Amino acid sequence: MLTLHTIRTNPEAVISALAKRNINARPAIESLLALNEQRRRIQTETETLQAEANRLAKEIGGLMRDGRAEEANAVKARTTEIKSQIQSFASELELLEGQEREHLLRLPNMPHDSVPAGKSAEDNVVVSEWSPEWALAENAVPHWELTERYKLIDFERGVKVSGAGFPFYTGQGARLQRAMIQFFLDRNTAAGYLEVQPPHFVNAASGYGTGQLPDKDGQMYHVGEDQLYAIPTAEVPVTNMLRDEIVPEADLPVKLTAYSPCFRREAGSYGKDVRGLNRLHQFDKVEIVCVEHPEKSYDRLEEMVAHVAGLLQDLELPYRVLRLCGGDMGFTSALTYDFEVWSAAQERWLEVSSVSNFETFQTNRLMLRYRSEADGKPHLAHTLNGSSLALPRVVAALLENNQTAEGIRIPKALAAYTGFEWIR
RNA sequence: GGAAGAAUGGCAGAGUGGUCGAUCGCGGCGGUCUUGAAAACCGUUGACUGUAACAGGUCCGGGGGUUCGAAUCCCUCUUCUUCCGCCA
C-alpha cells in the first residue's frame, strides 16, 4: 500500500510511475485525493465537536461534585445535542475512511526508476547469463518422462488422492526433494539468514499485510470454517512475523529463511505451462526475507540476487537473470529480478526464483517500522524477499540437463545431501 | 470440546464511573557529581491521526453497548493461564 503522504505530496510522480505498469492511475488518484480532503474536513469538524463534548463533560463532573445539580443538568442538555451531531458526522467519516482505504489497497506499488517500460514478459531485460560447460545428451526427453522412467514422481496417484498438481514424490525423487531443501537452508543460514519454520496457514490480516489480499483473493486456498488461508509462499507468514512491530535500527537487517510447502490454486492456467513439474498446486520452496533500512535496501537486493546466483551455480544449472518490466512485475514490488533456468529438453526457460524489493509497500500495511537512531522516531522499514529456491522447476531442469544413457547425474554440491551421485 | 480466572505503556504492576494517556518501580535517554566509570540525585521517556507549526482527536486485547462522562459497568469475540476431556 502506497502511503497517503507520497500520494498527497506528489500525485503526478505516482501517476507517471504507475504508467510504467500500463495503468492510468489518474482517475483513481484524483478521486482518492478528493476523498482524502473530504475525510480530513469531516474529521476536523467531528473532532472539534468531540473536544467541546469532552470539555462539557468535565464541567458537569465539576458541577456535580459541588452539588450544583441543576446547572449540571442544563449542561447535559447541550452535550446531548452535540452528541447527536457527532453521531451523524461519525458515520460519514467511517464511510469515507473505508472508501479511502479501498482506493489505497487497490493501487499497486510504484516501480523503481530502473524498471524498464513494457507490457509483458517479452519486454523484460536480460541483465546476466551464466552457464557451466555442458552438453545435452542425445535423445534427451522432458522431465515428465524421466520421472516416470526412474519412478521419481507419481503424478497419477496424486490425481487420484488429491487432484492434478498434487504429485507424490517417491524413492530417489522424494530423497532429492529433502536433500535440496536441506542444501538451500544450509546455504542460506551460512549467508546469515536465521532459519524459521512458519505456520502453513495464516489469517486474513496476514494476507493483507504482504499484499496477497485483496489483490490475489481467489488464488489462495481458503478454509472458510476457520477463516484461514493456505500459504502461497513462506513470504507471507515470515514477513508477517514482524507485523505491528517497531524494531531497533541496530537490529537491521533482519534476515530470515524458511522452507515451506506452497499452495496455489493457479486458476486459469493451462497447456504446456502446467505439464509435469512446470506448475503445481502444492510445491516446495525455500524463501529468504529481509527487513532493511530504506537507504540500504537496494544494496541488499543486489546481495540477495548474488546469493541466489551462487545456488544455481552450485547446482551447475544454466540460468539468466531478468529485470522485470513494469507490465510483468507483481502488484507489490518496486523492482524484481527473475531467475530462469534453461530446460534443454523442453527448450524453454523456467522461472525458479523471483527476488524483489517492496520498499515500504508491505510495511505500510504491516505497520512494520524501525526506530531511527537519528531522530528517535519510528519509520517504515523496507522489505525484500526472494526464492532460494523453488524446487519443482529446478528439479525439472536438473533431471533434463543431466540425463545420460547411464542415468541422471547429480551435481557434486547436492550429492553430499542426497547420498547418491546417480539416479538410475 | 467443558469449567474457572486473566488481558493496562519496552518490562513489571497500580488503578472498580469524572481532574486518568493513565501511580510507583525497572529499563532507555539527558544532566549534576567524578580524571573516567559505578553509585546517588534531578529531569525525561508510547503510538496513530491531525496542523505550516501549535491546538485538537483517538488508543488500557478486538468489536459493540449503557452514560453528560468508561481502563473501570454490560454483551460478544480472540488470546493466555489452570483443571477436565480428547489426542500426534
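Just the heavy atoms: all of them, side chains too, but no hydrogens, waters or symmetry mates, feed the values below. Here is the naming used below: chain letters follow the sequence lines, and residue numbers restart at 1 for every chain. Note that the structure is predicted; figures quoted are calculated from it, not measured.
- Comparing the P positions of rA71(B) and rG65(B) gives a spacing of 15 Å, expressed to the nearest Å.
- Comparing atom distances between the Ile246(A) side chain and each of rG57(B), rA47(B), rC68(B) picks out rA47(B) as nearest.
- Using a distance-only test at 3.5 Å, with no hydrogens or angles considered, no donor-acceptor pair links the side chain of Asn240(A) to the main chain of Arg243(A).
- If you check every strand for non-hydrogen atoms under 4.0 Å, Gln43(A) touches sugar and phosphate atoms only.
- Among rG57(B), rA47(B), rC68(B), the nucleotide with an atom closest to any side-chain atom of Thr80(A) is rC68(B).
- Only the P atoms considered, rG64(B) is 14 Å distant from rA70(B), to the nearest whole Å.
- Residue Arg371(A) is in sugar-phosphate contact alone, with no base atom involved, counting any heavy-atom pair closer than 4.0 Å across all strands shown.
- The closest donor-acceptor contact from the side chain of Arg393(A) to the backbone of Asn278(A) lies under 3.5 Å.
- The side chain of Arg8(A) approaches rU51(B) more closely than any other nucleotide in the set rU49(B), rA47(B), rU51(B).
- For the pair Gln50(A) CD and rA55(B) P, the computed distance is 17 Å after rounding to whole Å.
- Nucleotide rG46(B) holds its C1' atom 13 Å from the NZ atom of Lys377(A), rounded to whole Å.
- Taking a pair to require two hydrogen-bonding distances under 3.5 Å in either a Watson-Crick or a G-U wobble arrangement, rA39(B) remains unpaired.
- In this structure, Lys83(A) reaches the rG69(B) phosphate: one of its side-chain N or O atoms is under 4.0 Å from OP1 or OP2.
- Among the atoms of the strands shown, none is found under 4.0 Å from any heavy atom of Leu56(A).
- On the P atoms, rG85(B) is 47 Å away from rG28(B), given to the nearest whole Å.
- The distance between atom CD of Glu94(A) and atom P of rU58(B), rounded to the nearest whole Å, is 16 Å.
- When atom types are taken as modelled, the side chain of Lys412(A) and the backbone of Leu315(A) share no donor-acceptor pair closer than 3.5 angstrom.
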Decide yes or no on side-chain contact (heavy atoms from CB on, under 4.5 Å) for Leu2(A) and Phe361(A), but give the supporting numbers first. CA-CA 6 Å; Leu2(A) 296 172; Phe361(A) 194 83; 4.2 Å; yes

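- Taking atom P on both rA4(B) and rG57(B), the two are 41 Å apart, rounded to the nearest angstrom.
- The 5' end of RNA chain B is approached more closely, in terms of each residue's nearest nucleotide, by Gly376(A) than by the other of Asn36(A) and Gly376(A).
- If you take atom C1' in rC24(B) and the same atom in rG9(B), they sit 14 Å apart, rounded to whole Å.
- The listed nucleotides are rU67(B), rG57(B), rA47(B); the one nearest the side chain of Arg369(A) is rA47(B).
- The partner of rG50(B) is absent, by the rule that a Watson-Crick or G-U pair needs both atom distances under 3.5 Å.
- Between rA38(B) and rU34(B), the distance separating the two C1' atoms is 10 Å to the nearest Å.
- Rounded to a whole angstrom, the distance from the C1' atom of rU16(B) to that of rC54(B) is 37 Å.
- For the pair Ile82(A) CD1 and rG57(B) P, the interatomic distance rounds to 13 Å; values are reported in whole Å.
- Counting any heavy atom pair closer than 4.0 Å across all strands shown, Arg39(A) reaches sugar-phosphate atoms only and no base atom.
- With C1' as the reference atom, rG18(B) and rU72(B) are 12 Å apart, rounded to whole Å.
- Base pairing of rG21(B) is not made with any nucleotide, judged by Watson-Crick or G-U wobble geometry with both donor-acceptor distances under 3.5 Å.
- Remark: side-chain polar atoms of Glu400(A) are paired, donor with acceptor, to backbone N or O of His143(A) under 3.5 angstrom.
- Nucleic acid contact class of Asn73(A) (heavy atoms, under 4.0 Å, all strands): none.
- Residue Asp251(A) contributes atom CG, which lies 13 Å from atom C1' of rG10(B) at whole-angstrom precision.
- In terms of position on RNA chain B, the residue among Arg55(A) and Arg40(A) whose nearest nucleotide sits closer to the 5' end is Arg40(A).
- The backbone N or O of Thr363(A) sits nowhere less than 3.5 Å from a side-chain atom of Thr360(A) that would complete a donor-acceptor pair.
- Closest to the side chain of Met367(A), out of rU49(B), rC68(B), rC48(B), is rC48(B).
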Between Tyr370(A) and His293(A), is the ring-ring contact (aromatic ring centres under 6.0 Å, His included) condition met? List the steps. CA-CA 8 Å; Tyr370(A) 69 96; His293(A) 190 284; 4.9 Å; yes

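- Atom-to-atom, CG of Asn54(A) to P of rU19(B) comes out at 11 Å; the value is rounded to the nearest Å.
- Rounded to a whole Å, the CD atom of Glu52(A) is 14 Å from the C1' atom of rG69(B).
- By the 4.5 Å heavy-atom criterion applied to side chains, Cys262(A) and Asp284(A) are not counted as neighbours.
- The partner of rA7(B) is rU78(B), by the rule that a Watson-Crick or G-U pair needs both atom distances under 3.5 Å.
- In this structure, Ile86(A) atom CD1 and rC68(B) atom P are separated by 13 Å, rounded to whole Å.
- Shown here, rG27(B) forms a base pair with rU45(B); the pair counts as Watson-Crick or G-U wobble because both key distances fall under 3.5 Å.
- Across rA47(B), rC68(B), rU58(B), the shortest atom-to-atom separation from the side chain of Pro378(A) is found for rA47(B).
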